[in-house]
Each structure stands twice: as structure tokens, then as C-alpha cells.
Amino acid sequence: MPVVVDPVVESVETGVQRILGRFVARDQADVAARVSGPVAEILVEIGDRVTAGDVLVRVEDARFAAILELRQMELQELAAGFEAALAGQAMAQQDIERLERLRGSAAFNQARFEDAQQMLIQAAAQANQAQARLRSAGVEVDLAAIDLEETRILAPFDGVVTSRHIQPGEYLSTGAPVLTLLSDRDMEIEVAVPGEQVAALEPGMIAGFVLGGAAETSPHDAVIRAILPVEDSQTRARAVRLTPVLAGLPRTPAANESVTVVLPVGSPRPMLTVHKDAVLTQIEGQFVYIVVDGLATLRPVSLGAAVGERFEVLAGLTAGELAVIRGNERLRPGQPVSIAAPPPAAGNQDGDDGGAAG
């Protein structure tokens, strides 16, 4: 029986675990109305891409424009009242100064001087009151201008419109959602990691991910951003957030799309590994065929963490043994085999023999 073999090797490796996760958008929001009124115009459709600051919806603004004009007229009226109050205060001050110049003469009247002082105090109070009213009216103008501006509902961030909650002419209340906006170009990956395996992870560690349904064999890079300090009471898993490197992906991932996350397990350490294609799973356990003196020998094995295309061997194999990775499904224990291709680590001897034969 011709077979392809691969050696069992010992090297310093970092174990990995593969866990199914999902893409989540960092920014996703129901954009809400900030003022009440009927919808005048909807400027976007579902699926449209928008930029922060783009106008999405317009609310009827005639009433808000009229209110702003009214507040501006009230401001002008109160400004005139403030000017009159200042003039009255100035006149009262002049009376005081005129009477002061008469002090010491027969024309000076103490009672009149005291009355003039009271008039000045009263004029100053009226001026202060007029000034406060003017400032209040100025704030009312600013609020009316803000309300008028907010009849235009703007995109808070770059993204895609994923749903619409209103129709033209519909009356909006303050806070009512109008559109759902999702930032599809600023994605994270969320994965639930068993609690006992979280200890091997920390923010800043490099991990990997493979898109669901992709034919890629090498994972793309992702960085662990945060490990949430909340454990699910049913699954005993904790949510881990990763920042993926999206450059070079064959396509743009979608929110909630499944993704396989490759997480490191522990620190680098010496590890005995066997190719994953050599492992046969049966009812009794896991087994590997080893070629010994040209015969197929079935070995029960105990496996640990995955390391790329290989598995850690905890028991059952030793370094340098040749594990069958092609043709092992049809083998029987003790069956004679021929190696169809030289093993990568044992190719020197075979290559020398081949050269001598040539």
C-alpha cells in the first residue's frame, strides 16, 4: 500500500485554540429626531453609504423658523429697554453729581440729595434687571436657532443605512428613531472564551482569524483589545474583543458574520506535534498509523492543543517517527506499506539513496 508520511517533530511552539466568533460593528445606532414635527423629506435609502455630517432626514422647519424670528424680535425689544434703563441710570448719576457740587452752599438740600441717591439705586437695579432679561432673551434666540438647525437630522458617523423607521409626512416625536446606521468599515470580533482558558490571554496579544467559508489556510492577524470582566452564568465563558486587520481580506465582512478565531494558549514551550491528517478518530479514541520496518503500526494517542496544521502529542508517539498522513483511512495494522513521497525531515537519506540509484 503506497502512503505519504510526515515525521513527528519536537519544537518550541505556542498552542492555539480555534473558537467560533462573530464580527460586530464598533458603531451602530438608531439615529433619532431631536425636535418634534412632520417629516418633510428623507434623503437616503436603505443600503446608502453616508459620511458623518450628511443630511439624512429633514423635518418641517417653518414653525421653528417663525419661532426664531419671534425670539429675535423680542431680543431687539429688550435690547432697547436695556438702553433706556442705562440712560435712566446715567441721568440719576448726573443728579447725584450736580447735588454733590452744591454741598456746603445754601442751595444744598440734604433731603433732596438722599432722594437722588435712592433714585440712582433704583435706576441701577432697573438696568441690571433689563440686562438679565436681555441675556435670557439671547439664550432663547440661541435655543430657537438650535431647534431650527436640528430639523436637519445628520449622520453621526460614517456608515451604511441598514433600516428606515419612518415615512414622509409622518409626525416625529423628540427621540423617535428615524434610521439605523451601521459602521461596516470599523469592525471588531467578539468571541466567547471558556473561563479556564482566559487566563492565557491578555490585551495586546496577537491572535488570528479566518473568514467563514474562506479557502484560506493562513489566518489574518487580529489584536486582543479587551477581555470583558463578565462571565456567562450558563456557558461559563467570557467575551473577548479583538481588533482585526481588515486590509488584504478577500471581501468586507458583515456585522454578525461568523468567523473562526485562532487564540494563543499559554507561552511558547517545547512541544511534540503530529500532522492533523495523521489522526484517525474512532469510537475507542484517537489513533495514528506509524511506519515501522515497512509495516503500518496503529498507535493510540493522546492529543492536546492545535498548533496550526498540527496537534500537540501528549502521549503515544516519539520524535522522528513517521506518521501516515495519506492512505491511512484504508490501512490495516501490520499491513506492508511503501512510502510514496519522502518525509520532509527524513528526506536526506532517501534523497541520497535515490541519487545513488540514478
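Along the sequence shown, the residues carry numbers beginning at 1. Computed over heavy atoms, backbone and side chain alike; hydrogens, waters and symmetry mates excluded.
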Check this for me: does any side-chain nitrogen of one of [X] and [Y] sit under 4.0 Å from a carboxylate oxygen of the other?
X      : Y      : result
Arg133 : Glu77  : no
Arg49  : Asp184 : yes
Glu140 : Arg71  : yes
Arg152 : Glu149 : yes

Is it true that the side chains of Thr174 and Ser36 contain a donor and an acceptor less than 3.5 Å apart? yes
Just by distance, with hydrogens left out, do Gln110 and Glu114 show a side-chain donor and acceptor under 3.5 Å apart? yes
[Y] backbone acceptor or donor facing [X] side chain under 3.5 Å:
X      : Y     : result
Arg326 : Val3  : no
Asp147 : Arg34 : no
Asp48  : Glu45 : yes
Asp61  : Phe64 : no

In terms of heavy-atom contacts, Val210 and Arg18 come closest through CG2-NH1, 4.5 Å
Exactly one of Asp27, Val160, Asp158 should register a side chain to side chain contact (heavy atoms under 4.5 Å, CB included) with Ser183. Which one does? Asp27
Could you label the plane-to-plane angle of the Phe209 and Phe23 rings as parallel, tilted or perpendicular, counting under 30° as parallel and over 60° as perpendicular? perpendicular
Could you walk me through whether Glu231 and Arg236 satisfy the salt bridge (charged side-chain N to carboxylate O under 4.0 Å, His left out) test, starting with their C-alpha distance in whole Å, then the side-chain angles of each, then the deciding distance to 0.1 Å, before giving a yes or no? CA-CA 6 Å; Glu231 186 169 297; Arg236 293 303 173 190; 3.6 Å; yes
Residue pairs meeting ring-ring contact (aromatic ring centres under 6.0 Å, His included), one or both in residues 110-139, sequence neighbours left out, come to Phe108-Phe113
Should Phe157 and Leu181 count as side-chain neighbours, where that means a heavy-atom distance under 4.5 Å? yes
